[in-house]
**Q** 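Provided herewith is a single structure, encoded as structure tokens, for subsequent inquiry.
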Amino acid sequence: MKKLVFLVFLLSFQYSFGQEFFRLKADVSIKDKLSTGAYRLTVGKVYYNKPSMGLIYKLHFPQAETIIIKDTTLYRLDKKDSLLASQTVTIMNEFSIFHLALSGKLADYGINSGKINGVYKIEKVEKDANGRVITTWKVVEKRLLKILGKIKMANIDKKLDAIAFYDVSDKLLSQQFFKDYVNVKGVVFPLQVTQISYNSDGTQNIQQTTYKNITIDENGEDTIYNHPVPLVALPKPGTSPK
Amino acid sequence: MKGKLSIIFATAISFFFVACQKKQYAYVQQGKVDTYAYTQAPKAKVVEAAPTAVETPAVASEEVTTATIANPTESLTASNDVTTPQPQVEALKYDEKSINAEFEKLNKLEEYVNTNEGTTLADVQETELAKDLKLDTNVTSTVAAGDLPLNIPAFWWGCVLGLVGVLVVYIVTDQDKDQTKKALYGCLVWVGVWLLWWIFVVLIGGGSFFF
């Protein structure tokens, strides 16, 4: 009986202080510099609904269109919400910056929870010259030892400052930098995220995402947050309906 | 009958080589096998002691360098680096100036688009803002930048998992030709590295292991 009371106490404690956030909206501007020398600019608004794990981009540049990423499928819709294209992606919204920020797990990139809990284990914790806490995570899941390399993280004041992904031979694959954190209604979110991916030929792709006007737990705009996923997939070229 | 025998013989040879390779690799990992660089070490000492007229100083110094390699695995890593050059980048260090310089050309366009909501590419395509920019409009690639499994670039999927990796990339990118091509290059690099490894380490360095 005492254990039960203690458990109820613990749960009530968690619910009292561990506030759950469920929605995030922001103006987004994504700049890409590709290794080919080409640039990309993508501007619009991003909406994330945590309960349905739906990620929606309402873009106006380079052209007005809506992109929905849900359940490993990406849908492109035109201005009139007609399906332009769909494709399978392996983005897990559960590990998007939006979901991690709303869940308060961005500090360790959610590496120690959810589906990948148990895949990585802390190998080393140290401090660098700038006072950042550098944590090295190594793969402990046997089946993934030959595929995944270590991950290094830098944290300042318990906020994720940078993360670096390596391959199994300790070559740097990509790294991300999280800058200009703001606290909106208790959600800590970086206004600038820069990702650099390194190619084997020594070139690199850089993507810099800037967020503005972050809104948390907005009421309204339900039609966008819960944007219906197109039911009819486009027929593939060369196929005809039976 | 002869056909069957030759197939069985070829299969047996393949198994033998694979087994040898695995064993050799394990020994190399443990530092128990002489690699090319490692086996040259004693020769370097000989060169130092009594250099011949044919050998140039450059060759001698190269040999001395190889002689200083204490761990044979390091030389393997070094040879891989030559095959797939990597940029010397300090991890977790944000070089703001360099990043800003990369986007210098794009910043003006971004500023204009942000202050004029609703602006599309069609509105600015012929203006000075976009004139000198080589603009790519593949939005899907932008928002799905990390769409490959585990955030690993296509090249490495091919390089690490070979043809299986190429197939994974082909499926998950919904038959994206560019990504599949990168994975294929990775696969080819892996084959090249494997062949080099086989030739240099097994046939030359590890010759004593077999004979």
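Each chain gets a letter, A, B and so on, in the order its sequence line appears, and its residues count up from 1.
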**Q** For B:Glu117, which atoms come within 4.5 Å of any heavy atom of chain A: side chain, backbone, both, or neither?
**A**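 Interface part for B:Glu117: both.
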**Q** Could you report the tightest heavy-atom contact between A:Leu41 and A:Ser29, atom names first, then the distance?
**A**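 So the two residues come closest at CD1-OG, 4.0 Å.
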**Q** Looking at A:Gln176 and A:Phe165, what are the two nearest heavy atoms and their distance?
**A**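 Looking at all heavy atoms of both residues, the shortest contact is NE2-CE1, 4.0 Å.
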**Q** Heavy-atom cut-off 4.5 Å, strictly under: side chain, backbone, both or neither for A:Leu55 against chain B?
**A**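 It is neither, since no heavy atom gets under 4.5 Å.
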**Q** Does any heavy atom of chain A fall under 4.5 Å from the side chain of B:Leu92, the backbone, both, or neither of them?
**A**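 Contact with chain A involves both backbone and side-chain atoms of B:Leu92.
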**Q** Would you mind checking which part of A:Tyr39 comes under 4.5 Å of any heavy atom in chain B, side chain (CB onward), backbone (N, CA, C, O), both or neither?
**A**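 Contact with chain B involves both backbone and side-chain atoms of A:Tyr39.
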**Q** Under the 3.5 angstrom rule, does the side chain of A:Asp108 hit a backbone N or O of A:Gly110 as a donor-acceptor pair?
**A**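 Yes: the side chain of A:Asp108 pairs with the backbone of A:Gly110.
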**Q** Strictly under 6.0 Å, is that where the ring centroids of A:Phe189 and A:Tyr181 end up?
**A**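 No - the distance between ring centres of A:Phe189 and A:Tyr181 does not fall below the 6.0 Å cut-off.
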**Q** Among A:Lys33, A:Lys31, A:Gln63, who wins on heavy-atom pairs under 4.5 Å with chain B?
**A**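 Sorted descending by pairs with chain B, the first entry is A:Lys31.
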**Q** Let me confirm one number: the CG-CD1 distance from A:Leu83 to A:Ile68, rounded to the nearest 0.5 Å.
**A**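 That separation rounds to 9.0 Å.
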**Q** By number, which residues in residues 120-132 of chain A have some heavy atom less than 4.5 Å away from chain B?
**A**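 The list, in residue order, reads A:Arg132.
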**Q** Under a 4.5 Å heavy-atom cutoff, which of A:Thr42, A:Ile206, A:Val43 has the most pairs with chain B?
**A**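 Among A:Thr42, A:Ile206, A:Val43, the one with the most close pairs to chain B is A:Ile206.
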**Q** So, A:Asn155 side chain and A:Ala107 main chain: donor-acceptor pair closer than 3.5 Å or not?
**A**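 Flag set: sc A:Asn155 to bb A:Ala107 pair under 3.5 Å.
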**Q** Could you grab the distance from atom CG of A:Leu148 to atom CH2 of A:Trp137, nearest 0.5 Å is fine?
**A**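 Between atom CG of A:Leu148 and atom CH2 of A:Trp137 there are 14.5 Å.
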**Q** Inspect the contact between A:Lys25 and A:Glu221 and indicate whether a charged nitrogen and a carboxylate oxygen are less than 4.0 angstrom apart.
**A**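 Salt bridge between A:Glu221 and A:Lys25, a charged N being under 4.0 Å from a carboxylate O: yes.
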**Q** Looking only at heavy atoms and a cut-off of under 4.5 Å, which of A:Lys179, A:Gln175, A:Arg76 has the most pairs with chain B?
**A**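 Heavy-atom pair counts peak at A:Gln175.
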**Q** Restricting to non-hydrogen atoms, name the atom on A:Ser86 and the atom on A:Tyr75 that form the minimum distance, rounded to 0.1 Å.
**A**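 The pair with the smallest heavy-atom distance is CB-CD2, 3.8 Å.
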**Q** For chain B, find which of A:Met153, A:Glu65, A:Gln208, A:Lys152 contributes the most heavy-atom pairs closer than 4.5 angstrom.
**A**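 Top count of heavy-atom pairs under 4.5 Å with chain B: A:Gln208.
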**Q** Within this structure, what is the NZ-OG1 distance for the pair B:Lys108 and B:Thr127, rounded to the nearest 0.5 Å?
**A**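 With rounding to 0.5 Å, NZ (B:Lys108) is 11.5 Å from OG1 (B:Thr127).
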